[in-house]
**Student:** 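First the structure, then my questions, so here it is.
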Amino acid sequence: MTQVTREHWASRTGFLLASIGSAAGLGNIWRFSYVAGENGGASFLLVYVLCVLFIGLPIVIAEISIGRAAQGDAVLAFRSARPDRPWFVAGGLAVAGCFFILGFYGVIAGWALKYFVAALSGELWQAPQHNHYFKDFLAQPLAPVIWQFLMMAVTTGVVACGVQRGIEAVNRWLMPVLAAIVAVLAAYALTLDGAAKGLNFLFAPDWSALRHPQIYVAAIGQAFFSLGIGMAIFLTYGSYLARSQRVPSAAALIVVGDTLLAVVAGLAIFPAVFSFGLNPAEGPELAFITLPSLFALMPAGHWFGTLFFGLLVGAALTSMFSIMEVPVAYFMRRTGRSRRAVTLSLGAVIFLVGVPASLGYSILATITIAGRNILELYDFGVANFLLPLGGIATALFTGWGWGRIRALPGADLHDNATGKIWLFCLRFIAPMFIAIAFFSNSMVLD
Ligand code: PFF
């Protein structure tokens, strides 16, 4: 039988855009704004940036390196790096985790699409009260499921076209468009009357807030979610990278791109929130209730709002491709079936995994644990348990399992200060801080 050659990115830029697209998603806009809003803004941002630098970046480098070395999916990559140890379980966890992540992610992406279309058609601006608008939308059993289906269908369609012709091709034009939209939104928000208050909130830390342990736990969880680490996403994208492409500089660009996108989205959101005297600590509903009512009042707010939800949809999509690619790569190898067949079946399964989360506001609303409905449980479980677990596994594997001798050259690093710091972060810093966050979250759930 002829060996089918593995797909590869057409260019380094394509890989970088797809990876930044993967990292930058609902996490940077929908989640970052409400988590930063709830945790004091600037003090949170400070801790967040430290988490990204000392935990996020080392893990992104590790993931890309493991994938590039193996030129294979999550399970194969861990297995080929250490055939003698059961590290492949970490790959299996990632593949399984992606079903849940994409399941609920697709639901929120569906809300974003609904809001984008409603903003375009004008329906959103006629709603007298946006909290009712949102709650009425979610209380319908069918509508949220249909919007979720549409987002999953687009994702499935693009991923089915392949790494170069689907994922890379779409990211190549969509990412520059999204960057331009977020820049325009921020530039406009900064001209509003209350912009200074928004800037203060985001950049002038209240040092006393650093005494609250919650801020650290929230920052680690957000760093994991926003970068999308621990679930073999960068590992899988890295497996389509030619061995000649250098990893550390690519990882640094991805991490900087992701953080910039969150901060610039914050620059679009907080000045506007403060200009209209609203509360930034509204929780997950910030993007869907607080912001639309604000857009309705703001000069040129309809344009602003339409662009904002367009940005949310585009950012969500480029992330959905990457989450989907993890199980697609695995099942293509395991079943030997074509990309198209595997993607279609997985798209259907993942859609179904998400349906209960969609229905958690209507017919399944009575199912709650510790006050959280099904979607909130998915979100909480993913950010606070699944990703940290995957993150610890990746860090420990690279730091200890793969070992200095193989890991350093595997990541294009050397036995110098940079290489030592990288290994130290993976061996000690990341596992320790993730474990602390993990256990404090277990206590929150009780
Ligand atoms: N990093 C992306 C985001 O911030 O939305 C996508 C993502 C991947 C979210 C993996 C969550 C996750 F577990």
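Just so it is clear, the values below take in all heavy atoms, side chains as well, and ignore hydrogens, waters and symmetry mates.
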**Student:** Is the distance from the ring center of W400 to that of F428 below 6.0 Å?
**Tutor:**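 When the ring centroids of W400 and F428 are compared, they turn out to be within the sub-6.0 Å range.
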**Student:** Measure the shortest side-chain to side-chain distance between D379 and R31 over non-hydrogen atoms and say whether it is less than 4.5 angstrom.
**Tutor:**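 Heavy-atom side-chain distance check passes, below 4.5 Å.
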**Student:** Please check this pair: side chain of R172 against backbone of T13, looking for a donor-acceptor N/O pair closer than 3.5 Å.
**Tutor:**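 No.
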**Student:** Compile the donor-acceptor pairs under 3.5 Å between side chains in residues 250-273 and protein atoms, sequence neighbours left out, one pair per line.
**Tutor:**
from: D258; atom 1: OD1; to: A24; atom 2: N; distance (Å): 3.3
from: D258; atom 1: OD1; to: N28; atom 2: ND2; distance (Å): 2.8
from: D258; atom 1: OD2; to: S226; atom 2: OG; distance (Å): 2.8
from: T259; atom 1: OG1; to: V255; atom 2: O; distance (Å): 2.9

**Student:** Between G314 and L174, what is the shortest heavy-atom contact and its length?
**Tutor:**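 Shortest heavy-atom contact: O-CD2, 3.9 Å.
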**Student:** Could you tell me whether the side chain of V95 reaches within less than 4.5 Å of the side chain of F331, counting heavy atoms only?
**Tutor:**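 In short, these two side chains touch, coming nearer than 4.5 Å.
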**Student:** Would you mind reporting whether N39 and Q222 have side-chain heavy atoms less than 4.5 Å apart?
**Tutor:**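 Not touching, per the 4.5 Å side-chain cut-off.
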**Student:** Quick one: side chain to side chain donor-acceptor pair (under 3.5 Å) pairs with a partner in residues 84-99, sequence neighbours left out?
**Tutor:**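 The answer is R82-D84.
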**Student:** V382 versus L387: any side-chain heavy-atom pair under 4.5 Å?
**Tutor:**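 A side-chain contact under 4.5 Å exists here.
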**Student:** With a 3.5 Å distance limit and no angle check, can you tell me whether R427 reaches the backbone of G399 through a side-chain donor-acceptor pair?
**Tutor:**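 Checking the backbone N and O of G399 against the side chain of R427, a donor-acceptor pair under 3.5 Å is found.
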**Student:** Assess the residue pair L312 and F288 against the criterion (side-chain contact (heavy atoms from CB on, under 4.5 Å)); give the C-alpha distance rounded to whole Å, side-chain angles, the decisive distance to 0.1 Å, and a yes or no.
**Tutor:** CA-CA 11 Å; L312 210 52; F288 294 99; 4.2 Å; yes
**Student:** Less than 3.5 Å apart, which donor and acceptor atoms pair up between the side chains of residues 419-426 and the rest of the protein, not counting sequence neighbours?
**Tutor:**
from: W422; atom 1: NE1; to: P58; atom 2: O; distance (Å): 3.1

**Student:** Just by distance, no angles: are the side chains of Y240 and E168 close enough, under 3.5 Å, to form a donor-acceptor pair?
**Tutor:**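 Side-chain D/A pair, Y240 to E168: absent.
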**Student:** Between the side chain of S319 and the main-chain N/O of S22, is any donor-acceptor distance below 3.5 Å?
**Tutor:**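 Answer holds: yes.
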**Student:** Give, for atom CE of M152 and atom CE of M324, the distance between the pair rounded to the nearest 0.5 Å.
**Tutor:**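 So the CE of M152 and the CE of M324 are separated by 5.0 Å.
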**Student:** Are Y361 and P144 packed together at the side-chain level, in the sense that at least one heavy-atom pair is separated by less than 4.5 angstrom?
**Tutor:**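 Not touching, per the 4.5 Å side-chain cut-off.
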**Student:** Give a yes or no on whether the backbone of F433 and the side-chain of Y216 come within a donor-acceptor separation of less than 3.5 Å.
**Tutor:**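 Judged by distance alone, no pair lies under 3.5 Å.
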**Student:** Applying side chain to side chain contact (heavy atoms under 4.5 Å, CB included), can you list everything that pairs with A96, at least two apart in sequence or on another chain?
**Tutor:**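 Partners of A96 by the side chain to side chain contact (heavy atoms under 4.5 Å, CB included) criterion come out as none, since no residue qualifies.
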**Student:** List the steps, then state whether side-chain contact (heavy atoms from CB on, under 4.5 Å) holds for T318 with S322.
**Tutor:** CA-CA 7 Å; T318 54; S322 67; over 6 Å; no
**Student:** For N416, which residues count as a side-chain hydrogen bond (donor to acceptor under 3.5 Å, both in side chains) partner, sequence neighbours excluded?
**Tutor:**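 Expected list: none.
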**Student:** Just verifying a value: how many Å separate I20 CD1 and F15 CZ, rounded to the nearest 0.5 Å?
**Tutor:**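 Answer for the CD1-CZ pair, I20 versus F15, is 9.5 Å.
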**Student:** May I ask you to check whether F351 and F149 place their ring centres under 6.0 Å from each other?
**Tutor:**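 Distance test on ring centres: under 6.0 Å, yes.
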**Student:** Taking all atoms of both residues into account, what is the closest heavy-atom pair of A437 and I220, and its distance?
**Tutor:**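 Scanning both residues completely, I find the closest heavy atoms to be CB-CD1, 4.0 Å.
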**Student:** Does Q164 use its side chain to pair, donor to acceptor, with the backbone of A169 at less than 3.5 Å?
**Tutor:**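 Absent.
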**Student:** I'd like to know if the side chain of S358 pairs up with that of Q148 as donor and acceptor (distance under 3.5 Å, no hydrogens or angles considered).
**Tutor:**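 There is such a pair (donor and acceptor under 3.5 Å, judged by atom type) between the side chains of S358 and Q148.
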**Student:** Looking only at the aromatic ring of each residue, does the gap between the centers of W111 and Y115 stay below 6.0 angstrom?
**Tutor:**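 Aromatic pair excluded; centres sit 6.0 Å or further apart.
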**Student:** Just say parallel, tilted or perpendicular for the rings of Y188 and F304, cut-offs at 30° and 60°.
**Tutor:**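 Ring orientation of Y188 relative to F304: tilted.
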**Student:** Count the heavy atoms of every other residue, nucleotide or ligand shown that sit under 6.0 Å from CZ of F203, and state whether that count exceeds 12.
**Tutor:**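 Counting neighbours around CZ of F203, more than 12 heavy atoms of other residues, nucleotides or ligands fall under 6.0 Å, so yes.
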**Student:** So do W303 and F295 actually touch side chain to side chain, heavy atoms under 4.5 Å?
**Tutor:**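 No - every pair of side-chain heavy atoms lies 4.5 Å or more apart.
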**Student:** Below 4.5 Å, heavy atoms only, C-beta onward: do L178 and V182 meet side chain to side chain?
**Tutor:**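 L178 does not reach V182 side chain to side chain.
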**Student:** Picking from V60, L227, I434, L50, what satisfies side-chain contact (heavy atoms from CB on, under 4.5 Å) with I55?
**Tutor:**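 Checked V60, L227, I434, L50 against I55; only one passes side-chain contact (heavy atoms from CB on, under 4.5 Å): I434.
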**Student:** Mind checking the CD1-CD spacing from I64 to Q245? Nearest 0.5 Å is all I need.
**Tutor:**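 That separation rounds to 11.0 Å.
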**Student:** Report the distance from atom CZ of F201 to atom OG of S43, rounding to the nearest 0.5 Å.
**Tutor:**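 Result: 8.0 Å between the selected atoms.
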**Student:** Please lay out, stage by stage, how I108 and L375 fare under the test side-chain contact (heavy atoms from CB on, under 4.5 Å).
**Tutor:** CA-CA 9 Å; I108 300 165; L375 181 128; 4.0 Å; yes
**Student:** Atom OG1 in T343, atom CE in M332: separation rounded to 0.5 Å?
**Tutor:**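 Reported to 0.5 Å precision, the distance equals 7.0 Å.
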**Student:** If I compare all heavy atoms of L286 with all of P280, which pair ends up nearest, and what's the gap?
**Tutor:**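 That closest heavy-atom pairing would be CD1-O, 4.2 Å.
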**Student:** Hey, what do you get for CG (D415) to CD1 (I405), rounding to the nearest 0.5 Å?
**Tutor:**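 It is 8.5 Å, given to the nearest 0.5 Å.
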**Student:** Any idea which heavy atoms bring G72 and S239 closest together, and the distance?
**Tutor:**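 In this case the closest contact between G72 and S239 is O-CB, 3.4 Å.
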**Student:** Any side-chain heavy atom of L346 sitting closer than 4.5 Å to one from F99?
**Tutor:**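 Answer yes - side chains close enough.
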**Student:** Minimum heavy-atom separation for S19 and Y237, please, with both atom names.
**Tutor:**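 Answer, listing the atom of S19 first, then Y237: OG-CD2, 3.9 Å.
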**Student:** Looking at A70 and A77, what are the two nearest heavy atoms and their distance?
**Tutor:**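 Shortest heavy-atom separation between A70 and A77 comes out as CB-CA, 3.5 Å.
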**Student:** Check whether R243 reaches the backbone of Q71 with its side chain - one donor and one acceptor, N or O, closer than 3.5 Å.
**Tutor:**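 Judged by distance alone, no pair lies under 3.5 Å.
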**Student:** Check F225, F438, F224 against F385 for a ring-ring contact (aromatic ring centres under 6.0 Å, His included) and give me the one that passes.
**Tutor:**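 Testing each of F225, F438, F224 against F385, the sole residue satisfying ring-ring contact (aromatic ring centres under 6.0 Å, His included) is F438.
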**Student:** Residues two or more places apart in sequence or in another chain: which of them pass side-chain hydrogen bond (donor to acceptor under 3.5 Å, both in side chains) with E7?
**Tutor:**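 Applying side-chain hydrogen bond (donor to acceptor under 3.5 Å, both in side chains) to E7 gives R339.
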**Student:** Give the ring-plane orientation class for F104 versus Y378, where under 30° counts as parallel, over 60° as perpendicular and anything between as tilted.
**Tutor:**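 Rings of F104 and Y378: perpendicular, over 60°.
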**Student:** Passes side-chain contact (heavy atoms from CB on, under 4.5 Å), V52 versus L57? Steps please.
**Tutor:** CA-CA 6 Å; V52 162; L57 178 59; 5.6 Å; no
**Student:** Should the pair F397 and W402 be assigned to parallel (<30°), tilted (30 to 60°) or perpendicular (>60°) ring geometry?
**Tutor:**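 It falls in the parallel class, under 30°.
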**Student:** Looking at E325 and I233, would you say the former's side chain and the latter's main chain have a donor-acceptor pair under 3.5 Å?
**Tutor:**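 Side chain of E325 to backbone of I233, a donor-acceptor pair under 3.5 Å: no, none is there.
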